[in-house]
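All remarks here apply to the structure that follows.
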There are 2 protein chains.
Amino acid sequence: MKNEIKLFEDFLVQKELKYTSRREIILEIFLKTERHMSPDELYDLVKKKDSGIGFATVYRTLKLIKEAGLGREVDFGDGKKRFEHCFEHKHHDHLICIKCGKALEVADDRIEKLQEALVKRHKFNPVHHRLEIFGYCKDCDKKPPRQGGGQGG
Amino acid sequence: MKNEIKLFEDFLVQKELKYTSRREIILEIFLKTERHMSPDELYDLVKKKDSGIGFATVYRTLKLIKEAGLGREVDFGDGKKRFEHCFEHKHHDHLICIKCGKALEVADDRIEKLQEALVKRHKFNPVHHRLEIFGYCKDCDKKPPRQGGGQGG
DNA sequence: CTGACTGCAAACCCTTTGCACTAAA
DNA sequence: TTTAGTGCAAAGGGTTTGCAGTCAG
């Protein structure tokens, strides 16, 4: 993790920005938390270490972290931004439980390969992609909510 | 399309709701427009037919359309809701151009199959999923913006 | 008639921004 | 000292909701 922190510092220096203690706290907590966090969740965690930090700083720092390539934005369809760090994580897809909200990270090389072929067929130049599968995780699947037998697809 | 309109009417009747002319106008325009529309785009189109329709009605009707299974929500990461209709459309993925914003619909059975296997391996019970690939479409790829050679991964 | 539908505008939620003060370099 | 960083609160942008009038059944 030291590595990532150094990387962030270099990133800031290069952009003639400053490496402050608040940015460090936010980055550290962001990196060490293995969860897909919304800004307010990160804010709550960060407040425990430095109660003076404001919401705006969390947002602004998250933006910098993203620019530095240490985090990426994910979207779980709940109307908020969510972020995951790229520290010790390669590209992966998500299985998102619509009951408990947890997101499992999964990877499948064969799917990636087929995606590459797919974009090639369409002469599309990909920059990034995301695959998200929504449903019930194995814990929640034991008792899925049933109302009218609703069936999606 | 007549079929879908009938389906919507039945859906409303079954829920003891009313089939109104405004709902009909909104549904018709939604179905006949082959684009991924945000509520405000649909609102603009709908206003041309019935200038008295309000924003709220568009939102509320879109929600009903979704419930009726005639539309689904998609997310192109631009901070707004977007909808596509399910009329004469099977499941598909999206290639979204980050320059011009157009979304190409694509389908690949082998990817779908691998996804099924993937969730099975994780004992995950899928309800729906989405695959979105962001990048440059073949028209925009001729002159992609280059700044610092940014590389996502 | 009854109860759902509607437009309007205000409320909401999350995110961003302007300002005056603070802290890196 | 110089310039960026910061908290606060207000502003923004998109979406939802409460209300009183309207309309379908």
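Throughout, a chain's letter reflects where its sequence line sits, starting with A, and its residues are numbered from 1.
Contact annotation: A:R23 side-chain N/O to C:dA24 OP1/OP2 distance is not under 4.0 Å.
Applying the salt bridge (charged side-chain N to carboxylate O under 4.0 Å, His left out) definition to pairs two or more places apart or across chains, those involving residues 11-23 of chain B are B:K15-B:E67, B:R22-B:D50.
In summary, the side chains of A:E4 and A:H85 do not present any donor paired with an acceptor at a separation below 3.5 Å, with no hydrogens or angles considered. For the 3.5 Å distance criterion, the side chains of A:H91 and A:H128 fail to qualify, holding no donor opposite an acceptor.
Rounded to an integer number of Å, the gap from CZ of A:F11 to P of D:dG5 is 11 Å. Atom C1' of nucleotide D:dT15 and atom CG of A:D78 are separated by 15 Å, given to the nearest angstrom. Whole-Å rounding puts the A:L62 CG to C:dT15 P distance at 10 Å. Note: CD (A:Q14) to P (D:dA4) measures 16 Å, nearest angstrom. A straight line from CD1 of B:I26 to C1' of C:dT6 spans 10 Å, rounded to a whole angstrom. Atom-to-atom, CD of B:E16 to P of C:dC5 comes out at 11 Å; the value is rounded to the nearest Å. Between A:E24 atom CD and D:dT6 atom C1' there is a gap of 17 Å when expressed in whole angstrom units. Atom NZ of A:K15 is separated from atom P of D:dA4 by 13 Å (rounded to the nearest Å).
For A:K6, the salt bridge (Lys or Arg N to Asp or Glu O under 4.0 Å) partners are A:D10, not counting sequence neighbours. With sequence neighbours left out, the salt bridge (Lys or Arg N to Asp or Glu O under 4.0 Å) criterion links A:E116 to no other residue. Here A:R60 pairs with nothing under the side-chain hydrogen bond (donor to acceptor under 3.5 Å, both in side chains) rule; sequence neighbours left out. Residues passing the side-chain hydrogen bond (donor to acceptor under 3.5 Å, both in side chains) test with A:E9: none are found, sequence neighbours excluded. In this structure, B:K123 has no salt bridge (Lys or Arg N to Asp or Glu O under 4.0 Å) partners at least two apart in sequence or on a different chain. Residues forming a salt bridge (Lys or Arg N to Asp or Glu O under 4.0 Å) with A:K63 (at least two apart in sequence, or on another chain): none.
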All N/O contacts under 3.5 Å from nucleotides 10-13 of chain D to the protein, with atom names and distances to one decimal?
none

Can you give me every donor-acceptor pair (side chain of residues 41-48 of chain A, partner residue at least two apart or in another chain, under 3.5 Å) with its distance?
residue : atom : partner : partner atom : Å
A:E41   : OE1  : A:S38   : N            : 3.1
A:Y43   : OH   : A:K47   : NZ           : 3.1
A:K47   : NZ   : A:S51   : O            : 3.1

Compile the donor-acceptor pairs under 3.5 Å between side chains in residues 100-110 of chain A and protein atoms, sequence neighbours left out, one pair per line.
residue : atom : partner : partner atom : Å
A:E105  : OE1  : A:H89   : ND1          : 2.9
A:E105  : OE2  : A:H36   : NE2          : 3.2
A:E105  : OE2  : A:H92   : NE2          : 3.4
A:D108  : OD1  : A:R110  : N            : 2.9
A:D108  : OD1  : A:I111  : N            : 3.3
A:D108  : OD2  : B:R121  : NH2          : 3.1

Checklist outcome for this item: Per-nt protein contacts along nucleotides 16-25 of chain D (heavy atom under 4.0 Å; B base, S backbone sugar-phosphate only, - none) come out as BBB-----BS
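Near DNA chain C, defined here as any heavy-atom distance below 4.0 Å, the residues from residues 34-53 of chain B are B:G52, B:I53, listed numerically.
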